[in-house]
Structures are given as C-alpha cells and as structure tokens.
Amino acid sequence: MDLSLSHEQTLLVQTVRDFIAAELAPLEAEVEDTGALAPEHAARIFDRSRGLGLYAMNIPEAFGGGGLSALDTMLVEEQFGRTSDILVRRAFGNVYEVLLACEGEQIDRWLTPTVRGERVCSIAITEPGAGSDAASIRTKAVEDGEGGWRLTGTKHFISDGLVSDFFVVSAVTDPDKGAKGISLFLVDKGAPGFTIGRDQPMMGLRGTSHVELSFDDVPLAPVTMLGARGMGFRMALGVLGRVRLAQVGARSIGKATKVLDLMLDYARERRQFGQPIGEFQLVAQMLADSALEINAARLALWQTALEIDAGRDPRSRISLVKVQAAETLGRVADRAVQVFGGMGFCKDLPIERYYRDARIYRIFDGTSEIHRTVMGRALMKGEPGLYDPFA
Ligand SMILES: Cc1cc2nc3c(=O)[nH]c(=O)nc-3n(C[C@H](O)[C@H](O)[C@H](O)COP(=O)(O)OP(=O)(O)OC[C@H]3O[C@@H](n4cnc5c(N)ncnc54)[C@H](O)[C@@H]3O)c2cc1C
C-alpha cells in the first residue's frame with residue numbers, strides 16, 4: 001500500500017493552494033467585515049479559476065467538468081477548507097453531483113450551464129419541521145393531470161439561496177410510500193408562486209446566504225423531475241454522501257490544518273516567561289494532539305475516497321469520516337483560541353472566525369448524532385471493515 005501522492009496530484013494540490021493564497025485569502029477579511037462578496041470580486045475569482053481549469057472539478061469531463069477521481073476531489077476539497085465558504089462557492093462552484101441524474105433536455109437546461117458557471121444551484125431538503133428526519137418533509141408535489149406537478153411547501157437554511165438560479169427541491173409525490181414516496185424537482189427562481197424569503201442570520205460562514213423558500217402551488221412541467229419518481233430520498237442520501245465526504249470531511253481537515261499552521265506560527269513567535277510559548281509542555285501538548293487528530297482524520301478520508309474509486313459504496317465509513325473530521329476541527333479550533341490567549345478571542349485576528357465557522361461542521365449534512373447512529377447500526381449488523389480491515 002503506497003499512500004504517497006503522484007507528481008500530478010502534488011501539482012494539483014499546489015495549484016489550488018497557490019490560487020487560494022493569491023486570489024481568495026486577500027478577500028477573507030472584507031467578506032467577514034461586510035458580510036458579502038462584492039460582485040466584481042466574485043466575477044474576477046470565477047474567471048481566474050475557470051481560466052486555470054479549477055471550476056467544477058468534481059464533475060466528469062463528459063459534462064465539461066474536471067473529471068477528478070474521488071481521492072483527487074478530496075485532495076482539492078481539503079485545500080478549499082483553508083478559506084471562506086463563500087469564496088470557494090464563487091471560485092470553484094456548487095456543482096452538486098446529484099445534477100448528474102439530469103437526462104435529455106435537462107442536461108442543457110440545468111447541468112451544463114451549472115458546470116460552466118452560468119447558473120448557480122442550491123439543494124433544498126431541510127424544512128422547519130424536518131431536519132435530521134428528512135423523510136418527514138411536508139412539501140408536496142401533486143400531479144396536475146397533464147403530466148406536470150403543483151408544488152406546495154416551505155424549506156429553510158438553504159445555502160447560497162440568494163444567489164442561486166435554481167433549486168433541487170425534495171417533495172412528497174406519493175404520500176402512502178414513506179421515504180419511497182419522495183422525489184426531486186428542478187425549480188427555477190422566478191417560477192410563479194415561488195418566493196425566496198429572508199436570509200437567516202448565522203453564527204458563522206459570513207457572506208454565504210441561508211434562505212427560507214416558500215412554494216405556493218408552483219406549476220412544474222414534467223421535465224423538472226430529477227431522476228425517477230420516488231427515488232428522491234435515496235438519491236439525496238447517496239449523492240449527498242459524497243458531498244458530505246468532500247464538503248464536510250475534507251474541508252474540516254483543511255480548515256483544521258490551516259488553524260494548526262497559525263497556532264504553530266504563534267507558538268514560535270509569542271514569548272512569555274522568557275521563552276516561546278510552544279516550549280511549555282502544556283502548549284506543546286495542544287499542538288501535538290491537533291497534529292495527531294488531523295493526521296488520523298486525513299488517513300480515514302483517503303481510505304474512504306479510495307473505496308469510492310474502487311466502486312464501493314462505503315456509506316457508514318462516510319459517516320465515520322464526517323464525525324471524525326468535523327469533531328477534530330472543533331477541537332483544533334478550540335485549542336487555537338486557547339493558544340492565542342486573548343488574541344484568540346479578539347476580532348483583530350481570524351482565530352475567532354475559524355472557531356465560529358468550525359461549529360456548523362458538526363451539524364449540517366447530518367449531525368454527529370445521526371452519523372453515530374448510522375455507524376452504530378452498521379456495527380450491530382456486523383458490517384465488515386468499519387474498524388477492522390481483517391474482519
Ligand atoms: C449553515 C447551515 C447551512 C445549511 N445548508 C443546507 C442546505 O443547503 N440545504 C438543506 O437542505 N439543508 C441545509 N441545512 C440544514 C441542515 O442539514 C440541518 O440543520 C441538519 O440536518 C440538522 O437538522 P435540524 O437543524 O432540523 O436539527 P434537528 O433534526 O431538529 O436536530 C436537533 C438535535 O436533535 C438531535 N437528533 C435528531 N434526531 C436524532 C436521533 N434520531 N438520534 C439522536 N439525536 C437526534 C440532533 O443530532 C440535534 O442535536 C443547513 C443548516 C445550516 C445551519
């Protein structure tokens with residue numbers, strides 16, 4: 001087993017890392033201060049990223065994307081974790097793999113323009129009454145008698161919703177069938193009866209909008225159903241599994257790595273009692289614990305990505321990585337505030353921002369409790385290999 005990266009992989013990571021350092025990092029403070037990314041900055045980072053072939057890298061080349069393997073996607077996504085969410089969205093895209101279910105006319109209307117960056121997409125599953133229990137949604141799509149649908153319901157917390165041109169929306173189409181009665185629809189902004197509501201204020205992720213959506217008898221043509229009728233819940237679980245690994249697992253590890261870089265710089269420079277604080281054993285322990293947890297989480301991430309590349313569907317292992325990476329980030333960000341002392345709490349430095357941003361990773365894309373429940377079930381069923389590769 002060789003875990004060393006190829007020359008191409010190293011080059012890819014370095015290109016993304018350099019791009020983030022040169023083009024995105026200088027915008028972080030402005031996004032944080034103003035709560036928004038100015039349109040001219042958004043346009044510039046999009047153009048430059050596309051020019052370097054860095055946009056929509058997770059999408060197969062056949063659809064105009066970068067065609068990266070799962071492992072290469074994780075390498076890149078780890079680097080994305082080093083900067084602010086909104087900058088990643090505008091520079092590299094929100095091209096969710098669920099759009100690969102597009103067929104026929106859908107490809108030209110929704111998939112291709114999104115891969116090109118001409119349209120922005122959000123995923124709308126969560127409702128005020130249905131979060132972890134995503135099968136209990138109330139939004140419903142009723143047949144209109146002409147092959148189309150009428151959509152009614154409410155969603156909330158929908159990331160990037162103020163910018164999005166269309167939404168992948170889950171709705172009940174067959175109320176008697178439980179989770180097998182949920183389907184996905186492609187709903188364009190501006191559809192009659194569709195209102196994009198307020199931007200819900202959040203503790204972190206400044207600059208990214210999180211909106212309420214309301215659908216009041218919205219007419220939907222037959223072409224708007226994404227994938228087969230009744231497959232929406234399975235599609236959302238399956239595709240969001242990979243999104244979860246990338247956007248939560250890999251990005252948490254990238255963010256934790258960036259935070260540890262900053263902790264190390266400070267531990268070397270900051271002197272108290274006549275010596276760098278990193279030479280106090282109690283501070284060194286915080287650095288060492290952070291390094292060992294980041295390293296373990298990254299190895300679990302790579303192992304899981306390699307399983308996906310080998311054609312397997314390591315669902316419970318994705319849950320394991322999601323929890324391990326998000327909780328590692330939480331602990332590392334907390335230690336960072338401690339190592340920086342008062343400056344860790346002060347808004348003059350970005351440490352308090354990393355601390356706030358870290359908190360959501362244990363909640364979205366399935367809470368730690370839900371993922372532990374998935375793992376617990378898999379363990380009780382005797383799923384081989386979740387902790388013992390020789391089982
Ligand atoms: C910043 C942000 C961005 C988001 N972006 C999106 C998006 O783009 N699209 C989208 O559809 N959704 C999005 N979400 C929603 C997100 O995925 C949900 O918040 C998350 O799934 C948890 O659901 P909930 O908030 O309703 O919490 P609840 O499900 O109400 O959970 C509350 C608590 O109960 C616990 N709990 C619930 N069920 C169980 C159980 N069976 N066993 C043990 N504990 C349990 C939870 O772990 C949690 O601690 C976003 C949320 C936020 C905050």
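Keep in mind it's a predicted model, so treat the numbers as computed, not measured. Both counts, for ligands and for their atoms, begin at 1 and track the order of listing.
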Check the surroundings of atom CZ in F280: do more than 12 heavy atoms from other residues, nucleotides or ligands lie under 6.0 Å from it? yes

Please say which of S122, S159, S209 ends up in a side-chain hydrogen bond (donor to acceptor under 3.5 Å, both in side chains) with S164. S122

Side-chain donor-acceptor pair present, D18, Q14, cut-off under 3.5 Å: yes

Side chain T114, main chain V120, donor-acceptor under 3.5 Å: no

Nitrogen or oxygen contacts under 3.5 Å, ligand 1 side and protein side:
| unit_1 | atom_1 | unit_2 | atom_2 | d |
| --- | --- | --- | --- | --- |
| ligand 1 | 5 (N) | F157 | O | 2.9 |
| ligand 1 | 5 (N) | S159 | OG | 2.8 |
| ligand 1 | 8 (O) | S159 | N | 3.0 |
| ligand 1 | 8 (O) | S159 | OG | 3.2 |
| ligand 1 | 9 (N) | I123 | O | 2.8 |
| ligand 1 | 11 (O) | I125 | N | 2.8 |
| ligand 1 | 11 (O) | T126 | N | 2.9 |
| ligand 1 | 11 (O) | T126 | OG1 | 3.1 |
| ligand 1 | 12 (N) | T126 | OG1 | 2.6 |
| ligand 1 | 23 (O) | S132 | N | 3.4 |
| ligand 1 | 29 (O) | S132 | N | 2.9 |
| ligand 1 | 29 (O) | S132 | OG | 2.6 |
| ligand 1 | 47 (O) | T367 | OG1 | 2.7 |
| ligand 1 | 47 (O) | E369 | OE1 | 2.6 |
| ligand 1 | 49 (O) | E369 | OE1 | 3.4 |

Compute whether any side-chain donor of one residue and acceptor of the other, for E28 and T83, lie under 3.5 angstrom apart. yes

Should D160 and R90 be marked as a salt bridge (charged side-chain N to carboxylate O under 4.0 Å, His left out) after you check the CA-CA gap, both sets of side-chain angles, and the distance that decides it? CA-CA 10 Å; D160 224 13; R90 292 295 80 80; 2.5 Å; yes

